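These notes concern the structure reproduced below.
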Amino acid sequence: MLAAGLKSPPSAAAHTRRKSRISTVGCPAAPARAHPLVGRATATLSASMTRGTAAEKLDPLVQDAIVWASQHGLVVGLGGTAPASALIHAPLSLLPVAFPASRFQQAKAAMTTFNTLIDRVAADEAYLHETLTLAGQQDAFTGRLLQLLQDTQSVRTAAAAAGVQQVVLGVHRSDYMLDAPSGGFLQVELNTIASSFACLSSITTQLHHYTLQRLAAGASSSSSNAAAALQLLSASRLP
């Protein structure tokens, strides 16, 4: 997934500038000591766009974040018809956002129950066949999974008869959105096959530190671009 050092073709670079996959409101992260600027420097790009020259003032910071991401491996494949070596920065937020520690801990605690549920459903092969057969007839991916389950059933049966203990590893990703009016959080989905972006989370944290340091330096030195961008960002989106 990470292929830092490879250069995207000109068309990929042009695509990056035309449609940057960056939001100025940060993604929720594990609770940590808040940076002094986080409270003042969080807003959505769409809200800022309503203020005339907001895009021009924010663009230098956005472009700098794209360059940083490309240099530090915060990238994904461009996809489509582009060459396999073509890369683009991963979808990311320009700044972090404060996330209530209580909700983070609640999500962690709930995951234990969800893990148990998924494990028990996955072990009930009769239930899986009964529930997913019709879906497998319409969806090729589900159909292949069911066929794989059926083709390997004899192996599992023989292993159980021989007293061989099966070891199962589940890598699950549960997505949540914070509901600002109630202060609670809502589960978006629980995914059992796509947890690849976990390896980018630590790099995203490094990017946020870098961006906040840039804003702090710009504000203290009255740099026109950084100071103007900082004025456009507000704490109105914080939970």
Side-chain angles (χ1 to χ4, degrees), residues 1-3 21 23 25-33 73-77 79 84 89-93 96-208 239:
M1 169 182 263
L2 301 181
R21 299 195 286 186
S23 166
V25 60
C27 54
R33 184 176 181 181
L74 190 54
V75 294
V76 294
H89 64 85
L92 51 90
S93 60
V97 113
F99 194 85
S102 60
R103 294 306 179 191
F104 180 77
Q105 296 300 332
Q106 185 178 1
K108 287 179 60 177
M111 202 62 225
T112 302
T113 302
F114 280 122
N115 286 339
T116 301
L117 174 64
I118 294 171
D119 181 67
R120 291 182 179 177
V121 170
D124 193 340
E125 299 186 20
Y127 172 80
L128 292 175
H129 280 291
E130 178 184 353
T131 305
L132 298 175
T133 294
L134 290 179
Q137 294 173 357
Q138 303 298 323
D139 179 70
F141 180 77
T142 303
R144 287 195 298 271
L145 290 179
L146 286 174
Q147 188 61 51
L148 179 62
L149 181 67
Q150 181 176 334
D151 293 344
T152 58
Q153 186 176 28
S154 59
V155 177
R156 290 188 298 279
T157 301
V164 177
Q165 182 179 6
Q166 297 186 51
V167 177
V168 179
L169 172 64
V171 181
H172 307 147
R173 191 196 79 227
S174 187
D175 298 341
Y176 298 93
M177 292 185 68
L178 190 65
D179 181 42
S182 68
F185 65 94
L186 305 176
Q187 187 180 48
V188 178
E189 67 172 345
L190 202 160
N191 208 315
T192 60
I193 62 172
S195 298
S196 57
F197 272 25
C199 62
L200 300 182
S201 59
S202 60
I203 308 179
T204 302
T205 299
Q206 296 172 25
L207 170 65
H208 288 160

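Only this structure's heavy atoms are used, side chains among them; waters, hydrogens and symmetry mates stay out. A quick note: this is a predicted structure, and the numbers were derived from the prediction, not measured.
- Interatomic distance, OG1 of T192 versus CG of N115, reported as 11.0 Å (0.5 Å rounding).
- Going from atom CG of L74 over to atom OG1 of T205 covers 10.0 Å, rounded to the nearest 0.5 Å.
- Within the structure, every pair that satisfies the side-chain hydrogen bond (donor to acceptor under 3.5 Å, both in side chains) test and touches residues 118-128, not counting sequence neighbours, is listed here: E125-R156.
- With contacts defined as side-chain heavy-atom distances shorter than 4.5 Å, the pair Q150/L146 does not qualify.
- For H129, there are no side chain to side chain donor-acceptor pair (under 3.5 Å) partners at least two apart in sequence or on another chain.
- When all heavy atoms of V76 and A90 are compared, the closest pair comes out as CG1-CB, 3.9 Å.
- For the side chain to side chain donor-acceptor pair (under 3.5 Å) test, residues two or more places apart in sequence or in another chain that qualify with Q187 are S174.
- Within the structure, no pair that satisfies the salt bridge (Lys or Arg N to Asp or Glu O under 4.0 Å) test touches residues 105-117, not counting sequence neighbours.
- Atoms CZ and CZ, on F104 and F185 in that order, are 11.0 Å from each other to the nearest 0.5 Å.
- Here the closest heavy-atom approach between residue L178 and residue P100 is recorded as CD2-CD, 3.8 Å.
- For residues 129-152, there are no salt bridge (Lys or Arg N to Asp or Glu O under 4.0 Å) pairs, not counting sequence neighbours.
- In this structure, I203 CD1 and L92 CG are separated by 11.0 Å, a value rounded to the nearest 0.5 Å.
- For R173, the salt bridge (Lys or Arg N to Asp or Glu O under 4.0 Å) partners two or more places apart in sequence, or in a different chain, are D175, E189.
- The shortest side-chain heavy-atom distance between L190 and M111 falls under the 4.5 Å cut-off.
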